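When a residue number appears, it is its place in the shown sequence, counting from 1. What you see is a predicted model; the values in this text were computed from it and never measured.
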Amino acid sequence: MDHCWIVFFAPSSSAHVIPVLEQYLDLPRSNSSGPPLSDDKPHALLAAIGPTTADYLRNERSFLVSAVSPKPSAEALVRALEAAYASFPS
């Protein structure tokens, strides 16, 4: 797959880093009003640590969040990413 994962851990830090990330990566939008994905930039998948951060990304920024870790631990994040991969079409 030609993509990378970006993991957000807090709404406040997300707000600061998203403008920079958008310069270099295509970030997936949850609705069709966002710009189409570009072939010029790498495609990113988004993950969030916790439901508050996921809600911010979805509701305030209109991003498609593919994985949500319920806890701020490496093990919980890996499980969330594995679940997301299992749901992707082959």
Side-chain angles (χ1 to χ4, degrees):
M1 293 186 173
D2 291 53
H3 64 265
C4 62
W5 281 96
I6 304 296
V7 180
F8 294 96
F9 60 90
S12 58
S13 61
S14 302
H16 292 290
V17 75
I18 285 170
V20 176
L21 291 173
E22 288 181 312
Q23 293 177 29
Y24 302 100
L25 299 168
D26 273 325
L27 303 179
R29 296 288 180 169
S30 62
N31 58 39
S32 60
S33 65
L37 293 179
S38 166
D39 289 331
D40 298 335
K41 296 179 186 178
H43 301 270
L45 296 172
L46 305 183
I49 304 295
T52 301
T53 303
D55 288 345
Y56 169 79
L57 293 168
R58 290 175 176 141
N59 300 330
E60 302 297 322
R61 302 304 295 244
S62 299
F63 285 121
L64 176 64
V65 178
S66 297
V68 180
S69 176
K71 296 181 181 179
S73 71
E75 295 83 9
L77 177 59
V78 167
R79 284 192 299 274
L81 296 176
E82 288 174 335
Y85 272 117
S87 71
F88 293 160
S90 307

*Mind checking the CG-CG spacing from Asp26 to Leu45? Nearest 0.5 Å is all I need.*
11.5 Å
*Closest heavy-atom contact between Leu57 and Phe8?*
CD1-CD1, 3.6 Å
*Minimum-distance pair of heavy atoms, taken over all atoms of Ser14 and Tyr56*: CB-CE2, 3.9 Å
*Can you see which heavy atom on Glu22 is nearest to which on Lys41, and at what distance?*
O-NZ, 2.7 Å
*CG of Leu46 to CZ of Arg61: how many Å apart, nearest 0.5 Å?*
11.0 Å
*Look up atom CZ in Phe63 and atom CZ in Arg29, then write down how far apart they are to the nearest 0.5 Å.*
4.0 Å
*Verify the cluster assignment for Val17 and Leu25: are they in a single hydrophobic cluster under the rule of side-chain heavy atoms below 4.5 Å apart?*
yes
_Minimum heavy-atom distance between Val65 and Ala54, given as atom pair plus value_ = CG2-O, 4.1 Å
*Do the side chain of Ser13 and the main chain of Ala10 share a donor and acceptor less than 3.5 angstrom apart?*
yes
*Taking all heavy atoms of Lys71 and all of Ala76, pick out the closest pair and write down the distance.*
O-CB, 3.6 Å
*Drop me the distance from Glu82's CD to Leu77's CG, to the nearest 0.5 angstrom.*
10.0 Å
*Atom of Ala80, atom of Val68 and distance for their closest heavy-atom approach*: CB-O, 3.5 Å
*asked:* Strictly distance-based, threshold 3.5 Å: is any side-chain N or O of Ser30 a donor or acceptor partner for the main-chain N or O of Ser62?
replied: yes
*Which class fits the ring pair Phe88 and Trp5: parallel under 30°, tilted 30 to 60°, perpendicular over 60°?*
parallel
*Honestly curious: do Val7 and Tyr85 fall in one hydrophobic cluster under the side-chain, below-4.5 Å linking rule?*
yes
